[in-house]
Each structure stands twice: as structure tokens, then as C-alpha cells.
Number of protein chains: 2
Amino acid sequence: MKPRERQKNPTGSEKVTIYDIAEAAGVSIATVSKVINNRGRVSEQTRERVLRIIRELNYAPNRITSALGGKSMYTLGLLIPDISNPFYSEIVRGAEDCGRKWGYNVLICNTDNDTRREMDYLLSLREKRVDGIILATASNTDTRREDLESLGIPVAFISREIPGFESIRVIVDNFRGGYLATRHLIDLGHRNIALFTEPLNIVTSSERLRGYAEALQEAGIPYRPEWVRPGGFGVESGYRLAEALLRDSHDPMPTAVFAANDQLAIGAIQAFKEAGHSIPEDISVVGFDNTILCTIVDPPLTTVAQPMYDMGVKVVNLLIEAIQNEGSGSERIVLEPKLVVRRSTAKPKSPLPR
Amino acid sequence: MKPRERQKNPTGSEKVTIYDIAEAAGVSIATVSKVINNRGRVSEQTRERVLRIIRELNYAPNRITSALGGKSMYTLGLLIPDISNPFYSEIVRGAEDCGRKWGYNVLICNTDNDTRREMDYLLSLREKRVDGIILATASNTDTRREDLESLGIPVAFISREIPGFESIRVIVDNFRGGYLATRHLIDLGHRNIALFTEPLNIVTSSERLRGYAEALQEAGIPYRPEWVRPGGFGVESGYRLAEALLRDSHDPMPTAVFAANDQLAIGAIQAFKEAGHSIPEDISVVGFDNTILCTIVDPPLTTVAQPMYDMGVKVVNLLIEAIQNEGSGSERIVLEPKLVVRRSTAKPKSPLPR
DNA sequence: ATGAAAGCGCTAACAG
DNA sequence: CTGTTAGCGCTTTCAT
């Protein structure tokens, strides 16, 4: 009649286990397990007694162990370039809110667009047996595809996808977005439009560039490679890009800039203003994303909006659905970007003063 | 000579376990475990063979199971009001960066300052046996103290503490911060200074209020309760607070506002501008935190800076140290806030036009 | 240098 | 309704 030789818990200092509860309640661990998980038949009387003991002993079932028995840990991994970027923090908020509704927690990982670090995280998350992974990837090669497949975990892409890779993807039509931004400028009368962009190996960048080129072509405006300027990701990068643009002598100078994310746009605006140009009188600027920054910057930034929060919600919904169906999912949700016109764009007044 | 009756892995489709490796390498699972964890003595030859097999079979040790054997999951829980608030996303970035250096992952939880949800998360994290918890709490009652103690997990406070609760705390001297902001305004010549603040039950708010009051008193300026206006947390709340201030007839009207966080300050600036007042000519505004928003808003916001990123790094360092020493830690790190003067504050020109 | 075996805390048949 | 028991995948003595 001694089911197991275990260390006792006289002080309550050590972790209390299901055995402690069983013993204190005078039942078997099976019964305790049943009341905890609300399954099987247990008399109301025992159930209550067990629950009382659980409370008295301040017992918390160990999910980590139950996960051993085939259950999952209800945890998702979320890999993004940088949580301190408002674009991603908004996505994460949506994802976490949605995860919570389903009982999942989310592990955040900042990759800084470093594919090496991305891989490290992926491996580590696999060892921790997360149920699924949401990835805003910096990779686009076929190598990474194999890596992902060998992971054996459902992976969903958010915002950035690996072209041709079949799995859940929730993205925006970046080609269209690039087109909309450029077209807006063209419609205003601009013909000399520069493009500031994140590194072009990132899919979203090349797509937005395509949209930009398409709009130009459609309007019969020549595409000038020297006006396409890839930089980094942040405000400082936009600032430097703008400085460089002003420094280089161009004839004519651009009267408008399409910056392929809001931070680049804001950095550019700061540089332009410091150089004595006013926005939008001297130069129009369009951003991309529609982060909170757009409404705060002066002038408020015209931008191409992505539904960030909803995107976070959508991937998580799709991913969890796939997880619970034991599948890996393959929906490709392409959201429509929307042009939001604010005060950073206007008709070109005159050539940029030199 | 059959160590265990296990399902085989002919297709490689099922998860490969340490047994599969052991069998394929012709050694015992103990040996495999040794090479994985780099402990005990294993001949170079076997080690290499095992490693090769591991690679061939694409094996990933199951951390979740090893955690059963007394190890930890190397995971931290991080509870904050809202990740989409730049103040917190910066802290989280610091925390995650630091966690990664130590090999820890972090689970983010958005509480929205809801103490109920905070508790739910706490309980859930305990069941998942996180190694430690970092908390920017919305609670300040003694009840919560018991809850936290009964958790049996090291808890570290970031930014907001529960007064008198012994544990790791990394905070800023909010009293001093409130004083600095108000003092700055007074030094500029303002005597009619309103205070916009988060709800006063939050410790940081009441401390900043104390600082505000102290500065007033020191300058012999009467404290006017009707000028202390608690609101919510976001930009819209600041906007509404400012609207209300303008609406209420005050004689004299405040010539300056100390908004106890940047978002409130920015909302206030927007409202003031829309009402036709210019900043800082008509009204000076000081914020708190020094988020990225300060440099973007127009005019750039004078604020009281907190070292957000470093605070994230510091808590995690302290917490992990405590975890690894099996202790719970009790350091109270109080950082000095620093006034950052930008262009949203100036000498009062004249009474606010009515 | 290597392996057998005893857990870790819990779930899930399967018997009573 | 309740209890027995066999794992889950890995770590860790303790022999060999």
C-alpha cells in the first residue's frame, strides 16, 4: 500500500506533485488527473475534496510533464526582425491577442534580419517543441526552404514569404502597394520620383520596386536606376538616404520620394527638413505600412496601409487551425494595401532648389 | 537484447528519439545523452559516429523531456501592459536580447493593465514552469503580493513595482522624474502647470504626481487639484484630456502641461494644435519616457528619459543571476531619470488666449 | 569508456 | 466510480 517511495513535502517548499494531492486526498493519482482535466467519471464528493486539497497545497499541474504524454505545450514561436519597430509590434499584438484566445502563449524572437540568427532560433524552438512558428523571414533562398521543411513544425509566414514555398502565408500585395504609392505621386503631377527601399533581397522590397517600376512605365516615365536607393530599415537609414540623394547632383532632382517603409520615410523627411526643404512643397514623401508614426510626424505621412494587427490575428488563426487538424496548412492570404493620403504629398510646385 | 519495444521510424515521419539514435549508432541511450550534453567520457570515435547519425536522422533532442529530469526550459515570462506601446517594446527588445545571450527565450504577455488578466498569465506561466517572470505590474495591493509569493517562481519588476515587495526591481526614480519635468517648466517661468497622468492607482503615476507637487511647493506655487487630470494610457487619452482642459474654463488657464507619459503628451499636442494653439508659444508640453515618438512629433517633445532598453537588459541579467543561484533576488535598482529638452517647451509668452 | 536501470510528473488505457 | 500500470524521452547514478 505504498504506491511509490517519494520525498515528502513537509515544508511545502518543494514542488508539490500529483502524488502529494493523491495522498492527501486519499485517492489515486489517476483520480486526481481526472478532476484536473475534467475527464472520466469522478463522484462529486471526491472531486470537491481533491479540488480543496489542490487549493490548500497550492498545487499547479506541470504542463511540461503532461506535454510528455503526447499533449502539446500550447506555445507558438514568433520570429520577427525587431519588436521595437512599430510595424512588428502591432503585428505581435494581434498575434498574441489571438493566441491567448486559443490558450496559446507566444515566444518572441528578434532576428534583426539575420538569417543566421533566424536559423538558430528555429532550431531552438524545435527543441522546445513549440506547436507552430510564425515567421517574418529575411530569407528567400531555396536552402532555407529545406531547413524549414526538416523542422517538422507547421510554419506560417507573416508579411514576408519565401516565393513558391507552400504553407500558410498572410501578406499584403506589395506589388500593388508599390504601384499605388507611385501612382499617387504620378497623379499629383510628379515625374521625377525616387525610391528609398529596404535591401532588395527582401521579397517585400523587390515587389514594391516592381510596383514602382510598373506605375512609371504605365505613365511613360523613364525608369532611372540611379533613383532607386536601397538602404537599411530604420529612421537613420532614411535620413542617410535622403542626405545622399541631396548630395548627389541630379538634373533634374526628384520632386518626390516613395520610401518603402514608414521609418525610411520619416528619416527622409527629417533630413529634407533639416536641409531647408519643406514637405510637401519642395518634396513629396510617401511611406509604407501606416504605423502609428504616420500620424505623429510633421507633416502627417501619406502612406500605403497594411492591416498589421489583423494580419497578426489572421496568421495565428490559420496556424492554430492547421495545428489542431494535424496539418500544416497552405492558405495564401493576400490582403489589399490601401493608400492613405495625408499631408506629406502634394503637387510638385517647382524643381527642387539647388 | 531488446532494450525497449518501440515503434520504429522507417519513414522518418515520426519524431526521432534518442532511442533511434542509439540503435542506429549501436550504442546505449546513455552514451547518446552524453555526447549531446557533452558530459561524461565518450571515445572520440563513438562521439563522432553518434553526431553523424544525429545529423543524418535530423534528430533534435526534446528539451521538454529533459526539463522533466530536473533541467529547466530556459524560458522567461514577460508581462507588460501593451507591446505596441513603444515604451514597452523597447524594454522587451532589451530583455529579449539579453535573454538570448544567456540562452533563454521569452514569452510575451499583454495585460492591458488588467490585474485579472495579469493573474491569469501568472498562473499559466507557472504551469508551464518558466524559470522566471518579469512583470510591469498594474497591481499594487497586498493581495497581489501573496499571489506572487505563492507562485514559487522568481519574479522581477520592471518599471513598476509593488511598494514594499522584496524582489528584483529595476525602476526609475519617478518622484525625481516628476520633479524634474515640473521644475523645468517652473524654471522657464511657468506658474500655471497642469498634469496629465495615467490612472493614479499605478505607482509610477502617484510618484510622478508627488514629484510634480514637490516642485510646485518648493517654488511656492499653489497646488490646484483641478489641474491634475488622470486619464488613460494612449495618444487618444492625451487628446481627450487636452480637449477637456480647454473646454473647462480656468482662470488663469495653464500655460504648460506635464504629461506623465509621451503618448499622453503627444495626444495633448495634437489637440492643442487643432484648437489653434501653438506649441510651445501658447502652451509648453513635457512628456515622460523618451520613446522614439519624441523625436518624430512636431515640435520634438521635451521629456524625462528612462533608459528603456537598458532597463530590459538589467532586469533580465539580475533575474537570470537569481535563477542560477537558486535564489529569488532582491536588488532594487533605481535609475536616474534625465530631462531631455527639445522644442515643446519655452518661456510662457502670454496667458493662453481664451 | 559504456550501459542498465531508476526515476521525473502526468496521461491513458484497462481492470475492477 | 476508482485504481493499476505502462509508458512519454531524457538524465543520471552506479556498475561493469
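Below, read A as the first sequence line, B as the second, and so on, with proteins coming before strands; counting in each chain starts at 1.
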* Look at B:Thr17 and D:dC8 and indicate whether a side-chain polar atom (N or O) is within less than 4.0 Å of OP1 or OP2. => no
* Asked: So does B:Lys71 get a side-chain nitrogen or oxygen closer than 4.0 Å to the phosphate oxygens (OP1/OP2) of D:dT12?
  -> yes
* Euclidean distance, B:Phe87 CZ relative to B:Ile80 CD1, rounded to 0.5 Å -> 10.0 Å
* Cationic N near anionic O, under 4.0 Å, A:Glu48 to A:Arg52 -> no
* Tell me: NZ of A:Lys15 to C1' of C:dG9, nearest whole Å? -> 13 Å
* What is the distance, rounded to the nearest whole Å, between atom NZ of B:Lys128 and atom P of C:dC10? -> 16 Å
* To do: Let me know the distance between OH of B:Tyr19 and C1' of C:dA5, rounded to the nearest Å.
  => 10 Å
* Is the distance from OP1 or OP2 of C:dG3 to the nearest side-chain N or O of B:Ser28 less than 4.0 Å? -> yes
* To do: Please state whether the phosphate of D:dT11, meaning OP1 or OP2, lies under 4.0 angstrom from any side-chain nitrogen or oxygen of B:Asn37.
  => yes
* To do: Rounded off to whole Å, could you give me the CD1-to-P distance for the A:Ile64 and D:dG9 pair?
  => 15 Å
* Structure fact -> 5'-most contact on DNA chain C (nearest-nucleotide basis), B:Thr65 vs B:Glu44, goes to B:Glu44
* Do the side-chain N or O atoms of A:Thr46 get closer than 4.0 angstrom to the phosphate oxygens (OP1, OP2) of D:dT2? -> yes
* So, for A:Arg126 and A:Ser150, which heavy atoms are closest and what is the spacing to 0.1 Å? -> NH1-O, 3.6 Å
* Please report, rounded to the nearest Å, how far the P atom of D:dC10 is from the CD1 atom of B:Ile18. => 5 Å
* Asked: Would you call B:Asp120 and B:Arg116 a salt bridge, taking side-chain N to carboxylate O under 4.0 Å as the test?
  -> yes
* Structure fact -> B:Asn62 atom CG is separated from D:dC8 atom C1', nearest whole Å, by 9 Å
* Asked: With a 4.0 Å cut-off on heavy atoms, is B:Ser33 in touch with a base, just the backbone sugar-phosphate, or nothing at all?
  -> base
* To do: Name the nucleic acid region contacted by A:Val32, choosing base, sugar-phosphate or nothing; use a 4.0 angstrom heavy-atom cut-off, strictly under.
  => nothing
* Asked: Taking only N and O in the side chain of A:Arg39, is any of them less than 4.0 Å away from OP1 or OP2 of C:dA12?
  -> yes
* Asked: Is the phosphate of D:dC1, meaning OP1 or OP2, less than 4.0 Å from a side-chain N or O of A:Ser43?
  -> no
* Passes salt bridge (charged side-chain N to carboxylate O under 4.0 Å, His left out), B:Glu166 versus B:Arg332? Steps please. -> CA-CA 8 Å; B:Glu166 278 287 311; B:Arg332 182 167 189 262; over 6 Å; no
* Toward the 5' end of DNA chain C, which comes first, B:Gly40 or B:Arg129, by nearest nucleotide? -> B:Gly40
* For the helix from C:dA1-D:dT16 to C:dG16-D:dC1, measure the angle between the helix axis at one end and the axis at the other, each built from five pairs, rounding to 10°. => 40°
* Is the closest side-chain donor-acceptor distance between B:Tyr74 and B:Arg63 under 3.5 Å? -> no
* Between D:dG3, D:dT2, C:dA5, which nucleotide has the shortest distance from any of its atoms to the side chain of A:Val27? -> D:dG3
* Asked: Considering residues at least two apart in sequence or located in another chain, which fulfil the side-chain hydrogen bond (donor to acceptor under 3.5 Å, both in side chains) criterion with B:Asp131?
  -> B:Ser72
* Asked: Quick one: A:Arg63 CZ to C:dG9 P, roughly how many Å, whole number?
  -> 16 Å
* Do NZ/NE/NH1/NH2 and the carboxylate oxygens of A:Asp112 and B:Arg93 come within less than 4.0 Å? -> yes
* Does A:Tyr59 make a side-chain N or O approach to OP1 or OP2 of C:dC10 shorter than 4.0 Å? -> yes
* Asked: How close or far is atom P of C:dT2 from atom CZ of B:Arg41, stated in whole angstroms?
  -> 11 Å
